[in-house]
Visitor: 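Please see the structure below; I have some questions.
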Number of protein chains: 2
Amino acid sequence: MIRVLIADDEVMIRSAVAALLSLEDDIEVVAECADGAQAVVMAEKLKPDICLLDLEMPELDGVQVADRLRTTLTATRCVVVTRHARPGVLRRALASGVSGFLPKSRSANEIAEVIRRVMAGARYVDPEIAADALSDERSPLTERELDVLRAGRRGEATSQIARSLSLAPGTVRNYISAILAKLNVATRQQAVLLAEERGWI
Amino acid sequence: MIRVLIADDEVMIRSAVAALLSLEDDIEVVAECADGAQAVVMAEKLKPDICLLDLEMPELDGVQVADRLRTTLTATRCVVVTRHARPGVLRRALASGVSGFLPKSRSANEIAEVIRRVMAGARYVDPEIAADALSDERSPLTERELDVLRAGRRGEATSQIARSLSLAPGTVRNYISAILAKLNVATRQQAVLLAEERGWI
DNA sequence: ATACGGGGATGACATTTGTCATTACCTAAA
DNA sequence: TTTAGGTAATGACAAATGTCATCCCCGTAT
């Protein structure tokens with residue numbers, strides 16, 4: 001029996017996938033979690049064989065969960081599922097020791113198969129995303145520039161961003177100016193939208 | 001046998017829900033569609049009893065699909081499912097003749113039950129959203145103000161918005177100023193975020 | 001040792017935005 | 001008929017934003 005933990009903040013998809021997986025003879029769903037923090041706690045308690053993690057979750061995202069479990073639960077393998085599968089995200093996921101990666105644009109039936117493969121020791125990365133990842137879309141922004149972009153992703157004013165990062169307002173404006181030049185867009189909001197699309201933030 | 005059409009752009013949830021519904025003795029999934037336009041075509045061809053429509057879809061959203069089917073297929077009832085269930089959206093949905101409305105924060109097993117109730121002639125609206133809708137969250141913005149907000153939702157500059165709406169730049173700034181005051185936020189981006197959250201645009 | 005890139009800051013400048021007063025036109029209530 | 005309210009525009013002003021040059025401090029690769 002493969003013991004599986006499922007984490008996804010969207011109840012409908014979580015319960016649907018859990019129900020489907022439970023129908024498989026060799027799979028047992030041992031936990032359903034609504035966010036990343038809960039997933040970490042439950043995983044450490046139940047020590048499942050496989051964690052099926054949604055990428056977009058409150059508190060901790062799927063990759064962050066995998067990253068934490070890597071050190072504490074060496075026997076547990078993680079499979080990350082995401083709505084918008086961007087190459088940048090795949091890179092981050094693989095760096096965090098994720099064993100499987102598939103987009104929600106795949107059919108639910110395929111999940112069981114991926115789980116079995118990963119259980120058998122293989123790594124499974126969705127072929128389409130893997131191909132995309134080769135046509136390198138790495139972020140041209142530095143860590144700090146990304147921090148600034150993240151801090152301003154909800155339309156915060158320069159002064160707010162400066163406060164939350166403990167920077168001078170002028171410095172923030174310098175970073176934003178550099179970001180706009182690198183991404184070749186005209187406004188902060190467009191920069192945020194572009195970076196979100198590409199999976200850089 | 002209740003004949004059901006499912007439309008959702010997210011393959012994983014669509015296939016999972018379809019598989020689960022197919023397990024029910026009295027339900028038959030006759031079509032799976034990836035977008036609204038396709039849903040309209042298939043519905044008119046197959047004349048299902050119930051259309052289970054995702055709200056967030058490319059081309060036509062779930063409410064728009066229901067609106068079209070209302071005139072052409074009077075016997076077909078529509079159930080709309082959405083990720084972020086906002087009162088404003090519910091209002092729009094009911095105005096379009098939708099018979100059922102439930103958020104994805106409900107479990108997948110409940111879908112079959114809702115389908116049966118709607119099939120029996122009842123209207124089903126998720127109780128939580130219905131309660132929210134009473135604490136009126138209608139948009140305080142005028143049609144034109146919404147146009148401006150929509151035109152600028154991707155961080156377009158004032159001059160761009162003005163061009164795309166054939167307005168003077170100053171007029172656009174006046175509208176934006178009014179929007180910020182009404183929504184009590186400090187930047188365009190925050191106004192866009194708020195309006196999107198509330199289902200106003 | 002030194003050149004380079006990242007992080008952090010300042011000051012100056014030009015634009016863009018947001019605010020406000022004021023005007024005008026039109027339509028639908030009262 | 002008067003009164004609102006929505007749409008559209010101008011002009012003026014203040015504040016925020018984007019751009020640039022220039023400076024400093026570090027660490028590391030040459």
Visitor: Taking everything shown except Arg123(A) itself, do over 12 heavy atoms lie less than 6.0 Å from its CZ?
Guide: yes
Visitor: For the pair made of CD1 in Ile161(A) and C1' in dG7(C), what is the distance, rounded to whole Å?
Guide: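 Roughly 17 Å, once rounded to whole Å.
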Visitor: What is the separation between atom CD on Gln190(A) and atom P on dG18(D), rounded to the nearest whole Å?
Guide: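 Going from CD in Gln190(A) over to P in dG18(D) covers 11 Å.
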Visitor: Can you find a side chain N or O atom of Thr171(A) that sits less than 4.0 Å from OP1 or OP2 on dT10(C)?
Guide: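 Checking Thr171(A) against dT10(C): no side-chain N or O falls below 4.0 Å of OP1 or OP2.
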Visitor: Counting only side-chain N and O atoms of Ser177(B), is one of them less than 4.0 Å from OP1 or OP2 of dT19(C)?
Guide: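 Yes, because at least one side-chain N or O of Ser177(B) sits under 4.0 Å from OP1 or OP2 of dT19(C).
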Visitor: Could you tell me whether a side-chain N or O of Asp126(A) sits under 3.5 Å from a main-chain N or O of Phe101(A), the two making a donor and an acceptor?
Guide: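 Not at all, since once roles are kept as given, no pair shorter than 3.5 Å links the two residues.
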Visitor: When you check the gap from the basic side-chain N to the acidic O, do Asp54(B) and Lys104(B) get nearer than 4.0 Å?
Guide: yes
Visitor: Specify the separation, in whole Å, of atom CG of Leu180(B) and atom P of dA16(D).
Guide: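 Whole-Å distance recorded here is 13 Å.
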Visitor: Round to the nearest Å and state the distance from Lys182(B) atom NZ to dC20(C) atom C1'.
Guide: 16 Å
Visitor: Can you find a side chain N or O atom of Thr158(A) that sits less than 4.0 Å from OP1 or OP2 on dA16(D)?
Guide: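 Checking Thr158(A) against dA16(D): no side-chain N or O falls below 4.0 Å of OP1 or OP2.
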Visitor: Hey, does the side chain of Arg188(B) come within less than 4.0 Å of dG18(C)'s phosphate (OP1/OP2), counting only N and O?
Guide: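 Answer is yes, contact under 4.0 Å.
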Visitor: State whether the distance check finds a donor on one side and an acceptor on the other, under 3.5 Å, for side chain Asn174(B) versus base dT10(D).
Guide: yes
Visitor: 5'-most contact on DNA chain D: Glu143(B) or Ser159(A), nearest heavy atom basis?
Guide: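 Looking at DNA chain D, the more 5' nearest nucleotide goes with Glu143(B).
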Visitor: For the pair made of CZ in Arg173(B) and P in dT17(D), what is the distance, rounded to whole Å?
Guide: 15 Å
Visitor: In whole Å, what is the span from the CG atom of Leu165(A) to the P atom of dG7(C)?
Guide: 12 Å
Visitor: Kindly say if Thr142(A) contacts the phosphate of dG5(C), meaning a side-chain N or O under 4.0 Å from OP1 or OP2.
Guide: no
Visitor: Judged by modelled atom types alone, do Arg188(B) and Thr158(B) share a side-chain donor-acceptor pair under 3.5 Å?
Guide: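 Side chains of Arg188(B) and Thr158(B): pair found under 3.5 Å.
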Visitor: Heavy atoms under 4.0 Å, any strand shown: does Ala181(A) hit a base, just sugar-phosphate, or nothing?
Guide: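 Here Ala181(A) touches no strand at all.
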Visitor: Assess whether a salt bridge exists between Glu128(A) and Arg106(A), defined as any Lys/Arg side-chain N lying under 4.0 Å from an Asp/Glu carboxylate O.
Guide: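 Arg106(A) and Glu128(A): salt-bridged.
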Visitor: Starting from P on dT17(D), measure out to CD on Glu156(A) and report it in whole angstrom.
Guide: 11 Å
Visitor: Return the value, rounded to whole Å, for the distance between atom CD1 of Ile176(A) and atom P of dA9(C).
Guide: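 So the two atoms are 14 Å apart, to the nearest Å.
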